[in-house]
Amino acid sequence: MSSQSTPQNITDKVEEMADQAQMKKDEMMSQTSMNSQSSDQNAMQTGEQMKNMAQGAAEAVKNTLGMNNATNNASNAPDTNHPSNPFSRG
């Protein structure tokens with residue numbers, strides 16, 4: 001005797017396959033969401049690092065030129081008698 005599929009058996013198999021497909025889809029969507037969040041976090045951290053590096057470079061230039069407001073006072077004023085100062089009155 002050969003076993004024949006009944007319409008109910010076919011319907012049950014189709015529903016089971018649909019459930020498995022839905023579970024796989026949900027799993028893939030969850031993984032994609034987690035990967036996206038991780039990428040966003042890495043991009044934000046990289047952006048923050050670049051911003052901090054640029055600010056540090058700007059502060060270094062200001063300090064070198066004596067233009068930094070935080071340290072620009074009489075005790076930190078450039079020495080006008082320094083040999084490398086082209087405007088020295090010597």
Side-chain angles (χ1 to χ4, degrees):
M1 290 176 81
S2 70
S3 67
Q4 292 202 351
S5 298
T6 65
Q8 184 61 44
N9 288 345
I10 293 172
T11 301
D12 291 344
K13 287 284 186 189
V14 168
E15 287 177 358
E16 181 180 333
M17 290 172 62
D19 289 343
Q20 289 175 352
Q22 181 66 42
M23 287 177 13
K24 189 66 173 175
K25 177 189 152 211
D26 292 345
E27 179 183 321
M28 296 298 285
M29 293 297 286
S30 177
Q31 287 177 350
T32 300
S33 176
M34 288 189 303
N35 289 341
S36 175
Q37 289 173 358
S38 178
S39 294
D40 289 348
Q41 235 176 2
N42 288 340
M44 288 172 58
Q45 288 174 347
T46 301
E48 189 68 27
Q49 289 172 343
M50 294 299 291
K51 179 181 142 188
N52 289 339
M53 287 174 35
Q55 286 176 337
E59 291 299 315
V61 169
K62 287 179 185 178
N63 286 338
T64 300
L65 299 176
M67 297 172 56
N68 191 346
N69 290 337
T71 60
N72 195 9
N73 58 37
S75 64
N76 291 330
D79 182 7
T80 57
N81 294 321
H82 192 277
S84 66
N85 188 342
F87 301 109
S88 64
R89 300 177 185 158

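Because only heavy atoms are used, hydrogens play no part in the values below, and waters and symmetry mates are left out as well, while side chains stay in.
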- Item | With sequence neighbours excluded, residues passing side chain to side chain contact (heavy atoms under 4.5 Å, CB included) with Asn52 | Glu48, Gln55
- Query: In Å, rounded to the nearest 0.5 Å, how long is the span from CD of Gln20 to CE of Met17?
  - Reply: 7.5 Å
- Taking Ser33 for its side chain and Met29 for its backbone only, find out whether a donor-acceptor pair lies under 3.5 Å. no
- Item | Distance in Å, Glu27 CD paired with Met23 CE, rounded so as to fall on 0.5 Å steps | 8.0 Å
- Can you list the residues that meet the side chain to side chain contact (heavy atoms under 4.5 Å, CB included) rule with Asp12, with sequence neighbours excluded? Gln8, Glu15
- Message: Main chain of Asn42, side chain of Thr46: is a donor-acceptor contact present, judged purely on distance under 3.5 Å?
- Response: yes
- Ser39 side chain to Asn35 backbone, donor-acceptor under 3.5 Å: yes
- Task: State whether the side chain of Ser30 and the backbone N or O of Asp26 hold a donor-acceptor pair below 3.5 Å, judged by distance alone.
- Result: no
